[in-house]
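See structure below.
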Amino acid sequence: MAFIWKAPASKFWQAGWRDEDGKRRNKSTKLVAKESTRRKAERMADLFEEAANNRRTAKHLRLAVSELQKEITGETLTIPSFDKFAEDFLEGKQGETGKATMAFYRTAVRDFSSWLGVKSGEEILAITDKDLKKYRNELQTKIAATTATNRLKALRAIFTAAMKKGFVDADPTADMKFTRKNKAGADSVKKRPFTVPEMKAV
């Protein structure tokens with residue numbers, strides 16, 4: 001059953017509930033914790049719980065939360081696409097991140113966006129942990145394990161930022177395990193010798 005509570009370090013009501021796997025979930029309601037907002041915060045907590053337990057689709061949840069936010073603040077909640085949020089995220093990193101790191105972030109975003117296809121233009125909350133795990137599994141068959149892990153960590157930074165902004169309910173990369181190096185220290189992707197055409201190209 002969903003409930004609300006106030007964290008000592010926050011002025012907002014926090015929504016708490018357990019998902020289908022029994023895992024505790026928390027999310028800020030963005031409502032100042034006072035008696036006049038308690039009922040609305042409880043309604044929002046119920047919506048979060050319904051979405052987590054698949055009793056509402058992501059689209060229905062967005063509409064419900066958007067209507068509730070408009071009722072409370074007079075503003076409509078707008079959820080950006082993955083492409084739009086990633087673009088804003090990268091723009092915010094300019095000036096605080098080195099050129100090599102920025103290039104790596106951009107490569108990670110471009111590759112994941114291409115893999116997503118049309119879904120990259122949909123609301124970012126439509127991307128699930130299943131999507132990320134499928135992408136991880138495919139990525140690890142194409143590039144070295146270390147490179148794959150670093151790209152996934154770049155995506156984790158983006159989804160963590162989206163969660164803090166309130167655009168996603170939970171980070172879809174949170175429970176994702178990364179492939180580690182083997183005992184010899186080499187990546188898990190097997191290397192092969194160059195073919196004759198490749199040698200000629202070199």
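Here the structure is a predicted model, which is why all the values come from computation and not from measurement.
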Answer with yes or no whether the hydrophobic clustering places [X] together with [Y]; edges join I, L, V, M, F, W, Y residues whose side-chain heavy atoms lie under 4.5 Å apart.
X    : Y    : value
F104 : F82  : no
F167 : F12  : no
W115 : I158 : yes

- prompt: Going by heavy atoms in the side chains, are F159 and I127 under 4.5 Å from each other?
  reply: yes

Using only atom types and a distance under 3.5 Å, with no angle test, would you say the side chain of [X] pairs donor to acceptor with the backbone of [Y]?
X    : Y    : value
S114 : D111 : no
T149 : A145 : yes
T107 : A103 : yes
T128 : D131 : yes
T97  : Q94  : no
S120 : G117 : yes
K6   : S10  : yes
T37  : L31  : no
T160 : R156 : yes

query: F89: what forms a ring-ring contact (aromatic ring centres under 6.0 Å, His included) with it, not counting sequence neighbours?
result: Y105

Atom of [X], atom of [Y] and distance for their closest heavy-atom approach:
X    : Y    : value
Q140 : A148 : CG-CB, 4.1 Å
Y135 : A108 : OH-O, 4.4 Å
I4   : A41  : CG2-O, 3.6 Å
W17  : A15  : CZ3-O, 3.7 Å

Residue pair I143, R151: steps toward the side chain to side chain contact (heavy atoms under 4.5 Å, CB included) verdict: CA-CA 10 Å; I143 60 178; R151 283 194 187 177; 4.0 Å; yes

Within this structure, what is the [atom1]-[atom2] distance for the pair [X] and [Y], rounded to the nearest 0.5 Å?
X    : Y    : atom1 : atom2 : result
M102 : E91  : CE    : CD    : 9.5 Å
E87  : R106 : CD    : CZ    : 9.0 Å
L139 : L152 : CG    : CG    : 6.0 Å
T29  : K27  : OG1   : NZ    : 10.0 Å
D129 : D171 : CG    : CG    : 10.0 Å
W13  : K40  : CH2   : NZ    : 14.0 Å

field: Any donor-acceptor N or O pair under 3.5 Å, side chains D83, S81
entry: no

message: Go through it in stages, so that I can follow the logic: the residues are M176 and L132, the test is side chain to side chain contact (heavy atoms under 4.5 Å, CB included), and I'd like the CA-CA distance, side-chain angles, deciding distance and then a yes or no.
response: CA-CA 8 Å; M176 190 163 58; L132 267 298; 4.0 Å; yes

Within 6.0 Å of CZ in R24, more than 12 heavy atoms from elsewhere: yes

query: Is it true that K133 and D175 make a salt bridge, defined as a side-chain N closer than 4.0 Å to a carboxylate O?
result: no

- request: State whether R38 and E35 are salt-bridged, where the test is any N-O pair (Lys NZ or Arg NE/NH1/NH2 against Asp/Glu carboxylate O) under 4.0 Å.
  value: yes

